[in-house]
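Accompanying notes for the structure given below.
Excluded from the calculations below are hydrogen atoms, water molecules and symmetry mates; all remaining heavy atoms, backbone and side chain alike, are included. Note on naming: letters A, B, ... go to the chains in the order of the sequence lines (proteins, then strands), and numbering restarts at 1 for each one.
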Amino acid sequence: MRSHLYILKVAIPVPVYRLFDYLPPLDLDPKTLKPGIRLTVPFGKGQKTAFLIGIDSNSEVLSAKLKRIEAVLDERPLLSDRDLSLLHWAARYYHHPLGEVFSAAFPVALRQGKPATIKAEKFYVLTEKGRLLNPEQLRRAPKQQQLLYQLQTERDAVPASRLNAILENWRPAAKALQDKQLLRLEGAAANATTHLTFNSQLHPNPLQQEAIEQVVCALSRFEVFLLEGVTGSGKTEVYMQVIRSVLERGLQVLVLLPEITLTPQLEQRFRQRFAVPITVSHSKLTDIQRQQAWLGMQRGDYAIMLGTRSALFTPLARPGLIILDEEHDASFKQQEGFRFSARDVAVVRGKLLNVPVLLGTATPSLESVYNVEQGRYRLLHLTERAGNAAPPKMLLLDIRNKRMQEGLSESLIAEMHKTLAKNEQVLLFLNRRGFAPTLICHGCGWVARCRRCEANMVVHYDESLLRCHHCGSEQRLLPQCPECETGQLTPLGLGTERVEKALAQLFPGRSVIRLDRDTTQRKGVLEDALDRINRGEVDIVLGTQMLAKGHHFPNVTLVVMLEVDSGLFSIDFHASEKLAQMIVQVSGRAGRAEKPGRVILQTRKPDHPLLTTLIKEGYGRFARSALAERRLAELPPYSFQALLRVEATDSAAPLQFFEQLMQAVEPNRTVRMLGPVPAPMSRRAGRYRYQLLLQSATRPELHRFLDKLMPLIAGLKLTRKVRWSLDVDPVDLY
DNA sequence: AGCACGCCGACT
DNA sequence: GTCGGCGTGCTC
């Protein structure tokens, strides 16, 4: 055997827990190939983009089967050694194939093997003539006028990406201005935005100051901070002042947010404060835009990136700080494929990069509260609202035996009238869209069910149809019961559409706006609605989830949660934590500025300890008592879980799969196996679903068990008949 | 995940 | 006699 043989160990994005061996290209010295570079390799019938993991001198594979690398795509790795080890860690921790983990770290364009080159961005700058022109002279070309006006307010040349962010369809106008010699194009070099300028910052209150100083003192090393501050306590100001210190050191900042809808607001505030290159990354951008943002951070062209979960792996030329806002938010957990928690991976990344990680929220996850108790995270508590805003007053409204009109009790209606009479706004929260969640036959008891799911169809009157919220299937809304053909069909229960109609009746002359997935599908609708609300053109705002996140309604002084009880008795132990967070987050929409806000929770369980603790003693106390319950029940974070989900169109296959697996697996005293049991929604989109929950008192024991389990699963014949997935640290047991 | 190979039913 | 169903196995 020749010892100077070079074998490239390569990870390929296929669901296989194994690396593949290739021969090095003939025209390159294999020693120059560094782990992390992208390669094009022949694979099966076609080609794939692969990632070099390492170089070895031998292979387990018969040399006749070895193929040669087709092309080397990168001269040097795009990820640092530390980021590469992060990916190795993540693959081990989440028991996910390395190639798919690598793939998740790269933007789509680079996964497809596109060259890692940055297009020189075009910058727009006004000519002398353009700077002096009165925009009024372009009255007849509003687009051009708008663009000219915008550019006149800017000091530097403006990159196309920034114009994209603030104006729609500005390119034809730019062309026209160019033709009129008012505007010219510049290359990137002319725009050296390396000088830092900071626009006026606010004066932090003592608590903010304390928080800022603590993080700033730790800027050169790893530490995790939990910035806990009620809505309105000025977390963003803390972020910005810490970021300023990072920028002054010439380092970069990665800011992660749970949702795209929150990026524009924060982006705008950052751009007003910092005259540094800022970029964003989220799923609404094109593949090329995301690639440019990713590479721009990698090269160090940008100082700040704002992004969603998938931006977590963006390489940083000069890492300085990772911020993760709304750390409690479940959307940081990827729910398919590589099921990583962006929060947990961010912490590990911070450790590897030796930079601080700042987690912010008004309602910390129980895991983070626990980590503070354990001394792993440092708590920065903003207890006061910035300025002089009073905290909202919360009260439980007992609706047992009360007369209700479409979900609204009489005393609630009275309170709403009072608020409206003062010319203030009301916000109603109901986390269920559609008209009614159930359609029942008054005659025979028949209920409209989804044919493909273990679920009821939801009535959507506006569209005159029944829709399943789990698989999206639709049926025409029937005039009569299909079963007894005589009975009258009655919608049962409450959805936003129904409440909207009731509000129109109960509050004639008042303008009501409904914001849920159904009404905000079209682009820009939500933004328009938010503007209208803040201009005072709306009296009553009604909506779902999407109201709970981030948006501020200064003139809302009454927040109502119509149905709080459905979250109280879920089988998933995470439900109470989520409900408490939701209540506090929704409450945070009220009582900004000088007007004190009130929150009314309609409930039939006014004595429920979750509600009473939360309302009387606050979220912090709730969290501590919820943690105490978790400890007694030996639930996370006092134990460690992984959930094996299996689904198949054949109803018997999942259990057969588990049967085979249980026969192959060695019983283990340290890991409890709970199940297999039908999933809480036992059939969804035509697939039968089962799950097995694995739980252990220590993480190493759980992971040792999973290390043995995964090859067994891969070896089962039935893996082709079922879809299976492993979820480490599941947050959604559904 | 793709994709080919391979062995059993209704058709030019 | 063939086209094609999806069960099974492999990809260096």
Side-chain angles (χ1 to χ4, degrees), chain A residues 1-2 4-26 28 30 33 35-73 87-88 90-91 94-106 108-113 287 310 334-340 644-661 664 685-688 710-727:
Chain A
M1 170 130 300
R2 281 159 41 212
H4 51 274
L5 194 65
Y6 292 99
I7 301 292
L8 308 191
K9 304 282 174 185
V10 147
I12 301 176
V14 286
V16 170
Y17 287 82
R18 159 169 52 102
L19 299 179
F20 292 89
D21 295 353
Y22 284 87
L23 297 170
L26 290 168
L28 279 171
L33 303 177
I37 58 167
R38 296 172 305 141
L39 309 161
T40 304
V41 297
F43 188 74
K45 257 271 188 166
Q47 288 183 345
K48 280 235 143 63
T49 303
F51 305 93
L52 181 62
I53 300 305
I55 299 181
D56 205 339
S57 55
N58 51 50
S59 171
E60 313 266 279
V61 181
L62 287 170
S63 55
K65 285 176 78 179
L66 290 178
K67 291 181 186 169
R68 201 170 287 283
I69 295 296
E70 198 110 344
V72 173
L73 296 173
L87 299 185
H88 282 272
Y94 290 104
H95 297 268
H96 201 76
L98 189 59
E100 295 197 331
V101 171
F102 264 74
S103 188
F106 286 80
V108 172
L110 293 177
R111 274 179 227 170
Q112 291 168 346
D287 289 348
S310 56
Q334 178 128 17
Q335 289 294 10
E336 63 208 345
F338 171 31
R339 295 170 178 257
F340 68 99
L644 180 60
R645 296 185 175 85
V646 176
E647 56 174 59
T649 44
D650 173 358
S651 64
L655 279 178
Q656 283 167 10
F657 173 94
F658 276 120
E659 222 167 90
Q660 288 183 12
L661 184 62
R687 319 186 87 88
Y688 294 86
M710 301 314 281
L712 293 177
I713 294 174
L716 291 183
K717 287 224 165 32
L718 272 163
T719 44
R720 296 316 299 257
K721 264 187 93 174
V722 303
R723 278 193 199 168
W724 66 271
S725 68
L726 183 77
D727 194 343

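When the shell of 6.0 Å around CZ of A:Arg68 is examined, it contains more than 12 heavy atoms from other residues, nucleotides or ligands.
Residues A:Gln660 and A:Lys717 share a closest heavy-atom pair of OE1-N, 4.3 Å.
For A:Asp21, the salt bridge (Lys or Arg N to Asp or Glu O under 4.0 Å) partners are A:Lys9, not counting sequence neighbours. Among residues two or more places apart in sequence or in another chain, the ring pair (Phe, Tyr, Trp, His ring centres under 6.0 Å) test is passed with A:Phe658 by none.
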Under 3.5 Å, N/O pairs linking protein and nucleotides 5-12 of chain C:
residue: C:dG9; atom: N7; partner: A:Arg720; partner atom: NH1; Å: 3.4
residue: C:dG9; atom: O6; partner: A:Arg720; partner atom: NH1; Å: 2.8
residue: C:dG9; atom: O6; partner: A:Arg720; partner atom: NH2; Å: 3.4
residue: C:dC10; atom: N4; partner: A:Arg720; partner atom: NH1; Å: 3.0
residue: C:dT11; atom: OP1; partner: A:Lys65; partner atom: NZ; Å: 2.7
residue: C:dT11; atom: O3'; partner: A:Gly44; partner atom: N; Å: 3.2
residue: C:dC12; atom: OP1; partner: A:Tyr22; partner atom: OH; Å: 3.3
residue: C:dC12; atom: OP1; partner: A:Pro42; partner atom: O; Å: 3.2
residue: C:dC12; atom: OP2; partner: A:Gly44; partner atom: N; Å: 3.3
residue: C:dC12; atom: OP2; partner: A:Lys67; partner atom: NZ; Å: 2.1
residue: C:dC12; atom: O3'; partner: A:Asp21; partner atom: O; Å: 2.8
residue: C:dC12; atom: O3'; partner: A:Lys67; partner atom: N; Å: 2.7
residue: C:dC12; atom: O2; partner: A:Asp21; partner atom: N; Å: 2.5
residue: C:dC12; atom: N4; partner: A:Arg18; partner atom: NH1; Å: 2.7

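The aromatic rings of A:Phe102 and A:Phe106 lie parallel to each other, with less than 30° between the two planes, well short of the 60° mark.
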